[in-house]
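Comments concern the structure below.
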Amino acid sequence: MKIQQKQSMKVFIYHHLKEAILARQLPPGKQLIENEISRTLNISRTPIRNAINLLADEGLVDIVPNKGAFVTNPTKEEILQAYDLRKRLEIMAANQAIEFLVENDFKKMESYIAEEKEALFAKNITNYLKANQDFHMSYTQKCGNKFLIDFVKKLINQTSIYLILFDIVFEEDPSAEPYGYKEHLEIVQLLKQKKRKELKVCLENHFDNAIDSLNIHQEYKDLKEIFK
C-alpha cells in the first residue's frame, strides 16, 4: 500500500471511530481490537494503529500497555473531581476577569451562546462543544493569570469528553430539553452587572446541573458494524 493510501485509510478509520464515539455507538470501555477492524476492512494494522493513536491524543481512547486500546471510560469519581476543580477555577477566573470585561467581550459571549443554542437544538455535539468552550474561555482569558487560563482550558477539554460520552441532551430523547445556554445568558448579565456573589452562585449551580445531566448510554453497536 502506498503512503498516500495508508494516510487516506488512517483518516477514514479515524473519522469512523470518532463518529461512532461521538454518536455513542461504542460504549465507554469498549476495546478497539485492531485485528477485528483489519479483518473487517481487509487492510493491515498500521493505519488502524495510527488512527487509534490520534484518538488517544484527543482523550477519546485510552491505550493500556499489553492490553490494547479502549474507548475512554472515566469513573464517576474522576468525573466529579474534574467538574469540582473546574467549577472552583472558573469561579476564580470570572471573579478576576469581571473588572476587565468590555462591551465587545459581552457581544462575543452572546454570539457564542447563539451558536451554542443552534447546535443544541440541532443535536450537533461538535459545534456545541466548540461554542461552549469559546464561551467559557471568553471570560476566563480576561482574568490575567496565564496558569489559571491553561488549567481551565485543560479541564474544559477533559469535561468535554464526559459530555460526549454521557450528556443526556444528546440522547435520542425528545424530553431532554437543552438548558445550558439559558444559564450562560444569566452568567453574561451578572458579569455585566459585576454582581460577584450572585455570579458565584450562578456558576456553582451551572456546574452542578452539568453533572446532573450526565447519564450512561445503554444501547451500543458492535465494532464491526460501524464500518458498514
Side-chain angles (χ1 to χ4, degrees), residues 5-64 67-80 82-83 115-133 156-181 210-228:
Q5 290 175 312
K6 285 186 177 181
Q7 289 295 321
S8 298
M9 187 55 67
K10 177 186 74 173
V11 172
F12 171 82
I13 296 166
Y14 162 78
H15 282 300
H16 269 67
L17 289 175
K18 184 171 183 177
E19 287 172 8
I21 295 171
L22 292 178
R24 300 180 185 179
Q25 295 173 340
L26 295 174
K30 173 72 175 179
Q31 185 172 10
L32 305 178
I33 304 173
E34 292 179 14
N35 283 337
E36 187 174 343
I37 301 173
S38 176
R39 287 194 300 270
T40 301
L41 298 177
N42 192 29
I43 60 169
S44 72
R45 293 169 56 184
T46 300
I48 300 169
R49 189 176 302 113
N50 292 336
I52 289 174
N53 285 336
L54 289 178
L55 293 168
D57 290 341
E58 295 180 5
L60 294 173
V61 168
D62 295 326
I63 297 177
V64 183
K67 290 188 177 181
F70 302 81
V71 177
T72 189
N73 188 21
T75 65
K76 183 177 180 180
E77 188 61 29
E78 288 171 346
I79 294 172
L80 292 175
Y83 270 104
E115 293 172 7
E116 174 191 19
K117 181 180 178 181
E118 181 179 350
L120 279 168
F121 282 94
K123 301 283 188 180
N124 187 324
I125 193 167
T126 302
N127 289 352
Y128 164 72
L129 291 175
K130 183 180 186 306
N132 183 59
Q133 175 169 327
I156 289 176
N157 289 336
Q158 187 62 46
T159 51
S160 291
I161 294 170
Y162 305 151
L163 294 178
I164 290 170
L165 296 174
F166 301 122
D167 197 315
I168 61 173
V169 172
F170 294 97
E171 297 281 357
E172 295 297 327
D173 181 359
S175 66
E177 184 178 350
Y179 67 90
Y181 71 93
I211 293 172
D212 290 341
S213 74
L214 300 180
N215 191 19
I216 296 178
H217 190 75
Q218 295 295 326
E219 296 182 6
Y220 301 99
K221 289 188 176 183
D222 187 80
L223 184 59
K224 292 182 289 187
E225 295 179 29
I226 68 172
F227 292 105
K228 291 182 178 179

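This is a predicted model, so every value here is computed, not measured. Scope of the values below: all heavy atoms of this structure, side chains included, with no hydrogens, waters or symmetry mates.
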Does Asn127 offer a backbone N or O that forms a donor-acceptor pair with the side chain of Glu118 under 3.5 Å? no

To the nearest 0.5 Å, what is the distance between OH on Tyr128 and CG on Leu163? 5.5 Å

So, do Leu165 and Ile21 sit near enough that their side-chain heavy atoms are less than 4.5 Å apart? yes

If you take all heavy atoms of Arg24 and Ile164, which pair is closest and at what distance? NE-O, 2.7 Å

Scanning both residues in full, the closest heavy-atom pair of Gly29 with Asn73 reads N-CB, 3.4 Å

Measure the spacing between CD of Gln133 and NZ of Lys130 and express it to the nearest 0.5 Å. 8.5 Å

Going from CZ on Phe12 to CD1 on Ile43, what distance comes out if it is rounded to the nearest 0.5 angstrom? 8.5 Å

Search all heavy atoms of Leu26 against all heavy atoms of Lys30 and return the closest pair with its distance. CD2-CG, 4.2 Å

I need the Leu22 CG to Leu17 CG distance, nearest 0.5 Å. 11.0 Å

I'd like to check the salt bridge (Lys or Arg N to Asp or Glu O under 4.0 Å) partners of Arg45; sequence neighbours left out, ordered by chain and number. Glu34

Looking at CD of Glu116 and CZ of Phe121, how far apart are the two atoms once the value is rounded to the nearest 0.5 Å? 10.5 Å

Shortest non-hydrogen pair, Val71 vs Pro27, comes out as CB-O, 3.5 Å

Donor-acceptor list for residues 52-64 side chains, cut-off 3.5 Å, not counting sequence neighbours:
residue: Asn53; atom: ND2; partner: Arg49; partner atom: O; Å: 3.3
residue: Glu58; atom: OE1; partner: Tyr14; partner atom: OH; Å: 3.4
residue: Glu58; atom: OE1; partner: Lys18; partner atom: NZ; Å: 3.1
residue: Glu58; atom: OE2; partner: Tyr14; partner atom: OH; Å: 2.4
residue: Asp62; atom: OD2; partner: Thr72; partner atom: OG1; Å: 3.1

Minimal heavy-atom distance between Ala51 and Lys10, with the atoms involved, is CB-O, 3.4 Å

What's the shortest heavy-atom distance between Tyr181 and Lys117, and which atoms? CE1-CD, 3.6 Å

Say you draw a straight line from CG of Leu80 to CD1 of Ile211; how long is it, rounded to the nearest 0.5 Å? 5.5 Å

Testing Asn42, Asn35, Leu41, Ile37 one by one against Arg39 for a side chain to side chain contact (heavy atoms under 4.5 Å, CB included), which residue passes? Asn35

